[in-house]
Structure formats: structure tokens, C-alpha cells
Asker: 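This structure is in C-alpha cells; I'll ask about it shortly.
The residues of the chain are indexed from 1 along the displayed sequence.
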Amino acid sequence: MTYLSIGLRVLLTIAFMGAGGVKLAGVEMMITTFDQIGFGQGLRYLTGSIEIVGAALLWMPRKQVIGAALLGGTMLGAVMTHWFILGPSALPSIVLGLLCSAVLYIHRDQIAQVLGRASTSSS
């Protein structure tokens with residue numbers, strides 16, 4: 001599972017650092033896309049920042065589940081945006097969301113700690 005986790009996190013990091021960087025750099029295509037969405041360019045900056053932070057969290061000890069959840073939630077929003085506003089295929093967002101779900105599953109032991117419900121083991 002360790003190698004699978006690393007492989008998935010590498011793929012997600014490449015995808016989200018690229019996507020977040022493009023959004024934060026203000027590439028014309030991103031500006032146009034977020035104009036079509038209609039919530040202003042602040043959403044572009046927020047989304048780009050979440051993608052960069054989420055990708056970084058994938059590599060921090062015991063924070064992989066937080067990063068995967070942030071990125072997965074962002075992809076859920078992207079899928080809905082494609083389906084209801086933009087129109088083109090939401091398939092890339094769906095695939096990235098599923099990869100985030102796989103990372104969440106692999107690191108599911110972190111969820112209780114993140115939620116503040118760390119289990120106490122009795123010896």
C-alpha cells in the first residue's frame with residue numbers, strides 16, 4: 001500500500017500543483033473560465049490556493065487525509081460546476097476526485113485523529 005499511496009500522491013501533486021499554479025498565475029483561459037462561472041476572480045484565487053495547499057498536505061506526516069479531503073471536495077465542486085455551468089466534460093475532475101478518494105481510503109487511519117476522536121488502545 002505504501003507504493004500505491006506514493007504513486008497516487010505523486011500524480012495528484014503534479015495535477016494540482018499545475019492546475020493551482022495556472023489559476024494563481026492568471027492564465028487567460030482560467031480567467032475566462034472563472035468569468036463564465038460568475039462568482040468573480042476571487043474564486044479562482046481561492047481554488048488555486050486550495051489546490052496548492054492540498055497538494056502540499058499530501059506529503060506532510062499524518063496530514064494526507066486532510067489534503068485528499070480538500071482536493072476531493074474541490075473536485076466535487078468542479079464536477080458540479082462543469083455539469084451545471086460550464087458544460088464540457090467533467091471527466092478529468094471525476095478521475096482526480098476518485099484518486100483523492102483512494103488516498104483517503106489508504107490513509108483512513110488518520111480520520112479519527114483529524115476529527116479529534118483519537119482512539120485509545122488498551123494494553
Asker: Show your working on side chain to side chain contact (heavy atoms under 4.5 Å, CB included) between Thr74 and Glu51 and close with a plain yes or no.
Answerer: CA-CA 8 Å; Thr74 302; Glu51 290 173 343; 4.1 Å; yes

Asker: Return all side-chain donor-acceptor pairs below 3.5 angstrom for residues 81-101, not counting sequence neighbours, or 'none' if the list is empty.
Answerer:
from: Thr81; atom 1: OG1; to: Gly77; atom 2: O; distance (Å): 2.8
from: Ser89; atom 1: OG; to: Leu91; atom 2: N; distance (Å): 3.0
from: Ser101; atom 1: OG; to: Gly97; atom 2: O; distance (Å): 3.1

Asker: Can you tell me how far CD1 of Ile66 sits from CD of Gln113, rounded to the nearest 0.5 angstrom?
Answerer: 8.0 Å

Asker: When the side chains of residues 12-20 are checked against the rest of the protein, which donor-acceptor pairs come out under 3.5 Å, sequence neighbours left out?
Answerer:
from: Thr13; atom 1: OG1; to: Arg9; atom 2: O; distance (Å): 2.6
from: Thr13; atom 1: OG1; to: Trp59; atom 2: NE1; distance (Å): 2.6

Asker: How long is the gap from CD on Glu28 to OG1 on Thr32, to the nearest 0.5 Å?
Answerer: 4.5 Å

Asker: Treat each ILVMFWY residue as a node, draw an edge where side-chain heavy atoms are under 4.5 Å apart, and state whether Leu115 and Leu57 are in one component.
Answerer: yes

Asker: For His107, does its backbone N or O pair with a side-chain atom of Gln64 as donor and acceptor, under 3.5 Å?
Answerer: no

Asker: Grab the two heavy atoms, one from Val103 and one from Ala68, that are nearest each other, plus how far apart they are.
Answerer: CG1-CB, 3.8 Å

Asker: Looking at every non-hydrogen atom in both residues, tell me the closest pair between Ile106 and Ser5 and how far apart they are.
Answerer: CG2-CB, 3.9 Å

Asker: Report, one line per pair, each donor and acceptor closer than 3.5 Å where one atom sits in a side chain of residues 39-49; sequence neighbours left out.
Answerer:
from: Gln41; atom 1: OE1; to: Arg44; atom 2: NE; distance (Å): 2.5
from: Gln41; atom 1: OE1; to: Arg44; atom 2: NH2; distance (Å): 3.3
from: Gln41; atom 1: NE2; to: Ile31; atom 2: O; distance (Å): 3.1
from: Gln41; atom 1: NE2; to: Asp35; atom 2: OD1; distance (Å): 2.8
from: Arg44; atom 1: NH1; to: Lys23; atom 2: O; distance (Å): 2.5
from: Thr47; atom 1: OG1; to: Leu43; atom 2: O; distance (Å): 2.8
from: Ser49; atom 1: OG; to: Tyr45; atom 2: O; distance (Å): 2.8

Asker: Closest heavy-atom contact between Ala102 and Leu8?
Answerer: CB-CD1, 3.7 Å

Asker: Between Val65 and Ile50, is there shared hydrophobic-cluster membership here, with clusters defined by ILVMFWY side-chain heavy atoms closer than 4.5 Å?
Answerer: yes

Asker: Treat each ILVMFWY residue as a node, draw an edge where side-chain heavy atoms are under 4.5 Å apart, and state whether Ile37 and Met29 are in one component.
Answerer: yes

Asker: Flag the pair Leu58 / Leu71 as yes when at least one side-chain heavy-atom distance between them is below 4.5 Å, and no otherwise.
Answerer: yes

Asker: To the nearest 0.5 Å, how far apart are CD1 in Ile111 and CG in Leu104?
Answerer: 6.0 Å

Asker: Are Tyr3 and Met1 in one and the same hydrophobic cluster, where Ile, Leu, Val, Met, Phe, Trp and Tyr link if side-chain heavy atoms are under 4.5 Å apart?
Answerer: no

